[in-house]
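The first residue of the sequence shown is numbered 1, and numbering continues consecutively from there. Only a predicted model underlies this, so the values are computations on that prediction, with no experimental measurement involved.
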Amino acid sequence: MSLALAQGIHRFVALVLAENTRMIKVFSDLGLPYVIGRGGPELDVEIELGEPDRYLERIEERERLADVASLRTVLAPASVAVVGAGRREDSVGRAILRNLLDAGYPGIAHAVNPNATEILGVLCVPSVSALNAAVEQAVICVRAESVPDAVEDCGRAGVRSIVLVTAGLTGTPLEHRVRELVATYGIRLVGPNCFGVANTSPSARLDTTFARRGARRGRVGVVTQSGGFGIALMDALAGLGLGLSTLVSTGDKYDVSGNDLLRWWRGDGETDIAVLYLESFGNPRKFSRLARALAREKPVVAIRGAATAAAQRAAAAHTAARAVPAATKLALFGQAGVLVVDTVTEVLGLLAALSWQPLPSGSRVVESADSGRSPAAVARTLERGQPARHERRSHGRRLRLLRLRGPD
């Protein structure tokens with residue numbers, strides 16, 4: 001259809017047998033205006049593509065709905081199995097299972113460990129496929145060489161999403177095998193090389209991170225490639241009395257990415273502010289479009305990051321690819337109306353302001369700044385009795401911030 005629009009074609013006409021209900025459903029599911037002419041054994045179907053922008057909006061809405069539906073088992077699974085739940089107090093799998101239980105997870109929690117019968121009061125089984133119950137999400141934290149077998153076992157058991165904490169796969173034959181398996185079984189994958197997922201919604205209460213402090217409930221959504229940044233932000237927000245709505249550590253992001261979370265947050269009533277720490281962009285054009293759409297409704301804050309050589313090396317550790325240059329990031333963020341900061345301290349200050357200071361409701365607001373028009377220029381305007389006006393974009397909306405009419 002995109003090719004048709006490029007050639008100036010704006011309407012498709014099809015003939016379909018009246019009893020071919022599956023094909024008729026395909027037409028209706030397109031999300032485009034259509035008319036079906038009734039009568040006879042064959043039906044005439046006319047599909048209007050409309051203008052390119054409107055067509056892309058419809059396609060994007062269909063993709064958003066499908067993406068959000070697929071993320072349900074990532075952020076709100078009905079059951080979770082921790083594969084590699086350890087008996088040692090300092091094991092990652094044990095920390096994940098503990099956080100899941102401490103969060104008050106309302107679903108069914110399982111522990112998978114062939115060398116244990118019980119961990120933290122949860123009965124253990126040797127594999128996910130050995131369970132007599134369906135599992136929607138598996139959190140895998142076994143050795144890298146054991147990951148493909150664990151993923152395949154999850155696929156055979158019907159698991160719909162995997163949070164892959166294990167590192168050391170990217171750039172090895174294990175990566176290709178894992179990607180192949182999740183594609184074969186249609187599994188949504190977070191990671192690998194990540195520190196987990198959290199959703200503090202009262203209906204989800206999901207925490208599959210291995211952070212020492214559990215996720216505090218709040219209104220800030222976070223997606224991060226850096227586990228260290230995510231853990232630091234969780235602790236700092238809790239210290240301010242703020243908290244998270246959702247957090248996804250994407251790690252090497254074989255599948256779930258920042259774009260997926262931008263779609264999720266648009267329809268998530270639990271999230272008021274979105275925070276991004278992204279070192280690379282799989283599809284920059286799509287990111288710009290999705291971030292712009294979200295920024296019209298909610299503030300989107302991004303960490304510049306990866307500006308130094310050391311930061312570039314850290315980014316490469318996540319994705320085995322060079323991080324996006326700072327200038328490119330700034331251009332992307334600027335086009336999308338994203339608010340950019342450099343440090344965790346700046347993030348906290350901005351989040352505090354966005355959380356506690358409501359937007360002004362009227363036009364009698366003054367902005368004081370050390371750039372732009374000089375005070376002398378403003379004074380001359382006021383002396384002439386002319387209105388002075390300055391506008392800036394905030395939260396994706398245009399706000400009139402300065403409107404003065406003279407000394408009165």
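Atom CG of Leu233 is separated from atom CG of Leu244 by 6.5 Å, given to the nearest 0.5 angstrom. Here the OH-CD1 distance, from Tyr34 to Ile36, works out to 5.0 Å after rounding to the nearest 0.5 Å. A distance of 10.0 Å separates CD in Gln225 from CG in Asn193, rounded to the nearest 0.5 Å. In this structure, CG on Asn259 lies 11.5 Å from CG on Leu294, to the nearest 0.5 angstrom. From Arg205, atom CZ reaches atom CG of Leu100 across 11.0 Å, with rounding to the nearest 0.5 Å. Atom CZ of Arg213 and atom CG of Leu237 lie 10.5 Å apart (nearest 0.5 Å).
Side-chain contact, Ser245 with Trp265: no donor N or O sits under 3.5 Å from an acceptor N or O. A donor-acceptor pair shorter than 3.5 Å cannot be found between the side chains of Ser226 and Thr224. Judged by distance alone, the side chains of Thr246 and Asn199 never bring a donor and an acceptor atom under 3.5 Å apart. Side-chain contact check for Arg87 and Ser91: no donor-acceptor pair (N or O, by modelled atom type) lies under 3.5 Å.
Salt-bridge annotation for Arg156 and Asp153: present, with a side-chain N of the basic residue lying under 4.0 Å from a carboxylate O of the acidic one. Salt bridge present: Glu48 and Arg11 bring a charged side-chain N and a carboxylate O closer than 4.0 Å.
Nearest heavy atoms, Ala18 versus Ile24: O-CD1, 3.9 Å. Heavy-atom minimum distance, Ile162 versus Cys154: CD1-CB, 4.1 Å. In terms of heavy atoms, Ser288 sits closest to Leu332 at CB-CD2, 4.1 Å. The two residues Ala204 and Pro106 come nearest to each other via the heavy atoms O-CD, 3.0 Å. Annotation for Gly241 and Arg216: closest pair O-NH2, 3.5 Å, computed over non-hydrogen atoms. Between Asn113 and Gly86 the shortest heavy-atom distance is ND2-CA, 4.1 Å.
In this structure, Cys141 and Val82 have side chains that are in contact, with non-hydrogen atoms separated by less than 4.5 Å. Residues Leu350 and Leu339 form a side-chain contact, since some pair of their non-hydrogen atoms from C-beta on lies under 4.5 Å apart. Within the 4.5 Å cutoff, the side chain of Leu276 has heavy atoms near those of the Leu262 side chain. In this structure, Arg72 and Ser161 have side chains that are not in contact, with every pair of non-hydrogen atoms separated by 4.5 Å or more. With contacts defined as side-chain heavy-atom distances shorter than 4.5 Å, the pair Phe210/Arg94 does not qualify. For the pair Ile303 and Val341, the minimum side-chain heavy-atom distance is below 4.5 Å. Looking only at side-chain heavy atoms (C-beta outward), Leu71 and Arg188 come within less than 4.5 Å of each other. Under the 4.5 Å side-chain criterion, counting only non-hydrogen atoms from C-beta, Glu118 is not in contact with Cys124.
Remark: Tyr105 engages no residue in a ring-ring contact (aromatic ring centres under 6.0 Å, His included) (not counting sequence neighbours).
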Exercise. Should Leu247 and Asp207 be marked as a side-chain contact (heavy atoms from CB on, under 4.5 Å) after you check the CA-CA gap, both sets of side-chain angles, and the distance that decides it?
Worked result: CA-CA 9 Å; Leu247 180 144; Asp207 189 342; over 6 Å; no

Exercise. Step by step, would you call Arg98 with Glu89 a side-chain contact (heavy atoms from CB on, under 4.5 Å)?
Worked result: CA-CA 10 Å; Arg98 181 187 298 110; Glu89 283 293 333; 3.1 Å; yes

Exercise. For Val248 and Leu75, what are the C-alpha separation, side-chain angles and deciding distance, and is it a side-chain contact (heavy atoms from CB on, under 4.5 Å)?
Worked result: CA-CA 9 Å; Val248 175; Leu75 290 165; 3.8 Å; yes

For this session: Report the C-alpha distance between Leu189 and Val256 in whole Å, list the side-chain angles of each, state the deciding distance to 0.1 Å, and finish with yes or no for side-chain contact (heavy atoms from CB on, under 4.5 Å).
Result: CA-CA 6 Å; Leu189 176 68; Val256 174; 5.9 Å; no

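A side-chain donor-acceptor contact under 3.5 Å links Lys329 to the backbone of Arg304. A donor-acceptor pair is defined here as one N or O able to donate and one able to accept, closer than 3.5 Å; such a pair exists between the side chain of Glu175 and the backbone of Gly171. In terms of modelled atom types and a separation under 3.5 Å, the side chain of Lys253 and the main chain of Pro192 share no donor-acceptor contact. One N or O on the side chain of Asn99 and one on the backbone of Thr209 form a donor-acceptor pair closer than 3.5 Å. Between the side chain of Glu152 and the backbone N or O of Pro148, no donor-acceptor pair lies under 3.5 Å. Remark: side-chain polar atoms of Thr208 are paired, donor with acceptor, to backbone N or O of Val197 under 3.5 angstrom. Under a 3.5 Å cut-off, the side chain of Thr271 and the backbone N or O of Asp268 do not form any donor-acceptor pair. With hydrogens and angles ignored, the 3.5 Å screen pairs no side-chain donor or acceptor of Ser146 with any backbone N or O of Val142. Under the 3.5 Å distance criterion, the side-chain polar atoms of Ser249 are left unmatched by any main-chain donor or acceptor of Cys194. Using a distance-only test at 3.5 Å, with no hydrogens or angles considered, a donor-acceptor pair links the side chain of Ser355 to the main chain of Leu351.
Note: Phe287 and Phe333 have perpendicular aromatic rings, judged against thresholds of 30 and 60 degrees for the angle between ring planes.
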